[in-house]
Number of protein chains: 2
Amino acid sequence: MRLVIARCSVDYAGRLSAHLPSATRLILVKADGSVSIHADDRAYKPLNWMSPPCSLKEADGTWTVINKAGEKLIISLEEVLHDSSHELGVDPGLVKDGVEAHLQELLADRMEVLGAGWQLIRREYPTAIGPVDILCRDGDGTTVAVEIKRRGEIDGVEQLTRYLELLNRDPLLAPVKGVFAAQEIKPQARVLAGDRGIGCVVLDYDELRGIDDDKLKLF
Amino acid sequence: MRLVIARCSVDYAGRLSAHLPSATRLILVKADGSVSIHADDRAYKPLNWMSPPCSLKEADGTWTVINKAGEKLIISLEEVLHDSSHELGVDPGLVKDGVEAHLQELLADRMEVLGAGWQLIRREYPTAIGPVDILCRDGDGTTVAVEIKRRGEIDGVEQLTRYLELLNRDPLLAPVKGVFAAQEIKPQARVLAGDRGIGCVVLDYDELRGIDDDKLKLF
DNA sequence: TCATAGATGTCGTTC
DNA sequence: GAACGACGTCTATGA
């Protein structure tokens, strides 16, 4: 990892054209060859960047970074204030908990949080337009398609609607009801779901995990 | 901007829980108070971060970053290999070219690329659920709503569908057809559009701009 | 390699 | 502050 603080101007030509006027910035060159340019604000997003794989050529105060798609980043260095390199080694990587895949596992394990007698048919039930998160039967034996999101917004309801339309064409499954399950459901999504006869369920992640933990303790 | 290279482990508790085992990384503290932690790969995305506004407390080899929503980032420093601060000043910011707004201007100027006799009614035609990119009439005088995207995906087709449903309730406009125009149209979007009787048009940005340039040269 | 869906998406604009 | 759409979205995953 090489850290350069320099007054520079930058041009990007690729999916769009962009220009950075002269100013002092951080230029980050990583071991994988990637380059990013940061201003002194915004944690997440660099002003400009080039993702690997790409190649960096230094020549005469001008750095040129090119990738395979022909996108180009040209950095004109006017004054270098700091330049240091550091050996970091391979990162062991991030361990995450609480993402959609995990919610799906937890819910599939405890269908009864949706109602008494609910039973899993299968997770990732395949359809022509993609897999349904959970297909199950409710207490009455009616087929139910469950769409799970971390944050329930309108496009999630649209997605579930498409699945339902398709599943209801299958005489072996029809009628199929829909349930939209998320840790948080936005008002508009709730309204749209209600309008389409789709049920809404707010999932409590800690509770789901707690239930699951209790279950594990039994063994 | 403060640059710290350190062996550290990190925990994030907020929208999800995440843990970074001990390793050497770059910790970036920006003037706006934001903090990000970078491994030696990936130009764009930090391993962990906290966006401003947030507050950083340093105490005894442990940094705690908290934001208003109660999200928390805890950095345990085990060995500091580099620590430097730099004054960068305010960045003048990025100048961009080639985005959707420009596509819309170009297409509105040359409706005939959609077909002979097509005529603009207006850009950003207002509806209750937001403006339609372009409303026009085709060669037969039928009203057409055009949705423009740089990359045409399924969401864009859904958006256009909602507009069409609304516009077709207006007896002065109905029947209204739909055209989905983008620089690139994904297969799924094309299928969904076809299923709903929506036409698809792939736009060539350079060609549109070229035509427009030629036009400018006439004056 | 390509297509698809998720993301601690982030970021801007508008209401 | 919430909602909505764009983004050089990026990134992981499965075909």
Side-chain angles (χ1 to χ4, degrees), chain A residues 11-18 34 36 41-52 67-73 93-94 96-104 124 126 129-133 147-151 153-156 159 182-184 186-189 191-192, chain B residues 10-18 34 36-37 41-52 54 65 67-73 93-94 96-104 124 126 128-131 133 147-156 158-159 162 182-191:
Chain A
D11 283 279
Y12 164 77
R15 279 167 281 183
L16 55 63
S17 298
S34 64
S36 58
D41 61 359
R42 273 174 297 187
Y44 197 96
K45 198 182 176 184
L47 289 166
N48 269 338
W49 69 94
M50 187 67 79
S51 298
N67 72 1
K68 204 156 47 177
E71 297 173 78
K72 203 182 288 190
L73 194 64
L94 195 61
K96 287 183 184 183
D97 187 16
V99 291
E100 186 194 318
H102 199 192
L103 277 179
Q104 192 191 111
E124 302 286 346
I129 56 172
V132 177
D133 288 340
E147 176 66 32
I148 299 170
K149 292 276 183 237
R150 210 178 52 74
R151 295 171 60 174
E153 300 186 30
I154 218 162
D155 58 338
Q159 193 180 341
Q183 282 183 278
E184 179 196 354
K186 294 291 168 103
Q188 285 207 343
V191 170
L192 185 62
Chain B
V10 185
D11 283 280
Y12 165 77
R15 280 167 281 183
L16 54 64
S17 298
S34 64
S36 56
I37 296 148
D41 62 359
R42 269 176 302 184
Y44 194 83
K45 199 183 176 187
L47 290 165
N48 276 112
W49 68 95
M50 187 69 78
S51 298
C54 59
V65 193
N67 73 0
K68 205 156 46 178
E71 297 173 77
K72 202 182 287 190
L73 195 64
L94 197 61
K96 287 184 185 180
D97 182 25
V99 289
E100 184 194 320
H102 200 187
L103 273 180
Q104 189 190 114
E124 301 286 346
I129 55 171
D133 287 340
E147 176 65 34
I148 299 170
K149 295 278 183 233
R150 207 183 56 74
R151 295 170 64 172
E153 301 187 27
I154 222 160
D155 284 4
E158 297 286 11
Q159 194 180 339
R162 289 196 294 273
Q183 280 184 280
E184 179 195 356
I185 297 182
K186 294 291 168 97
Q188 282 202 341
R190 191 178 291 275
V191 169

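Protein chains get the first letters and strands the later ones, always in sequence-line order, with residue 1 at the start of each. As the structure is a prediction and not an experimental result, all values here were calculated from the model.
Taking only side-chain atoms of Val99(A), from C-beta outward, the nucleotide of dG8(D), dT8(C), dC7(D) with the closest atom is dT8(C). Among dG6(C), dG5(D), dC10(D), the nucleotide with an atom closest to any side-chain atom of Gln159(B) is dG5(D). Considering only side-chain atoms of Pro187(A), the nucleotide from dA3(D), dC10(D), dA7(C) that sits closest is dA3(D). Counting only heavy atoms from C-beta on, Trp49(B) has its side chain closest to dT10(C) among dA7(C), dG5(D), dT10(C). The side chain of Lys96(B) lies closest to dG8(D) when the candidates are dG8(D), dT8(C), dA6(D).
In this structure, the CG atom of Asp41(A) is 9 Å from the P atom of dG12(C), given to the nearest Å. The interatomic distance linking His102(A) (NE2) with dT8(C) (P) rounds to 15 Å, in whole Å. Asp155(A) places its CG atom 14 Å from the C1' atom of dA6(D), with the value rounded to the nearest Å. The separation between Leu94(B) atom CG and dC11(C) atom P is 13 Å, rounded to whole Å. Following rounding to the nearest Å, Glu124(B) (CD) and dT14(C) (C1') show an atom-to-atom distance of 12 Å. Summarising the geometry, the separation between NZ on Lys149(B) and C1' on dA6(D) is reported as 8 Å, rounded to the nearest angstrom. Regarding Ile148(B), its CD1 atom lies at a distance of 14 Å from the C1' atom of dG5(D), rounded to whole Å. Separating the CD atom of Glu184(B) from the C1' atom of dC7(D) is a distance of 14 Å, rounded to the nearest angstrom.
The side-chain hydrogen bond (donor to acceptor under 3.5 Å, both in side chains) test applied to Arg162(B) returns Glu158(A), not counting sequence neighbours. Scanning for side-chain contact (heavy atoms from CB on, under 4.5 Å) contacts around Glu100(A) gives Asp133(A), Ile148(A), Lys149(A), with sequence neighbours left out.
The CD atom of Glu153(A) sits 12.5 Å away from the CG atom of Leu192(A) when rounded to the nearest 0.5 Å. Taking CH2 from Trp49(A) and CZ from Arg42(B), the interatomic distance works out to 15.0 Å, rounded to the nearest 0.5 Å. Of the inter-residue distances, the one linking Leu73(A) atom CG with Ser34(A) atom OG reads 11.0 Å to the nearest 0.5 angstrom. To the nearest 0.5 angstrom, Asp97(A) atom CG is 5.5 Å from His102(A) atom NE2. Lys96(B) contributes atom NZ, which lies 6.0 Å from atom CG of Leu16(A) (distance to the nearest 0.5 angstrom). We find the CG-CD1 distance between Asn48(B) and Ile37(B) to be 5.0 Å, quoted to the nearest 0.5 Å.
Among the atoms of the strands shown, only primed sugar atoms or phosphate atoms (P, OP1, OP2) are found under 4.0 Å from some heavy atom of Lys186(A). Using a 4.0 Å heavy-atom cutoff across all strands shown, Ile129(A) reaches sugar-phosphate atoms only and no base atom. At the heavy-atom level, Asn48(A) lies under 4.0 Å from base atoms of the strands shown. Residue contacts for Glu71(A): at a heavy-atom cut-off of 4.0 Å it reaches a base atom on one of the strands shown.
For the OP1/OP2 pair of dA3(C) and a distance below 4.0 Å, the side-chain nitrogens and oxygens of Arg190(B) include no atom meeting the criterion. Put simply, Arg151(A) has no side-chain N or O that comes within less than 4.0 Å of OP1 or OP2 on dA2(D). One finds a side-chain N or O of Lys45(B) lying less than 4.0 angstrom from the OP1 or OP2 phosphate oxygen of dT8(C).
When the P atom is used for both dA12(D) and dT10(C), the distance is 16 Å, rounded to whole Å. With both ends at atom C1', the span from dG6(C) to dC7(D) equals 15 Å, rounded to whole Å.
In this structure, Lys68(B) and Glu147(B) both approach DNA chain D, and ranking their closest nucleotides by distance from the 5' end singles out Lys68(B). Between Gln188(B) and Ser51(B), the one whose closest nucleotide on DNA chain C sits nearer the 5' end is Gln188(B). The nearest heavy atom of DNA chain D to Glu153(A) and to Ala101(B) marks one nucleotide each, and the one closer to the 5' end goes with Glu153(A). Each of Asp133(A) and Tyr44(B) has a nearest nucleotide on DNA chain C; the 5'-most of these lies closest to Asp133(A).
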Return the polar atom pairs (N/O with N/O) between nucleotides 12-15 of chain D and the protein under 3.5 Å, or none.
none

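When all heavy atoms are compared, the tightest approach of Gly156(B) to Glu147(B) is O-CG, 4.0 Å.
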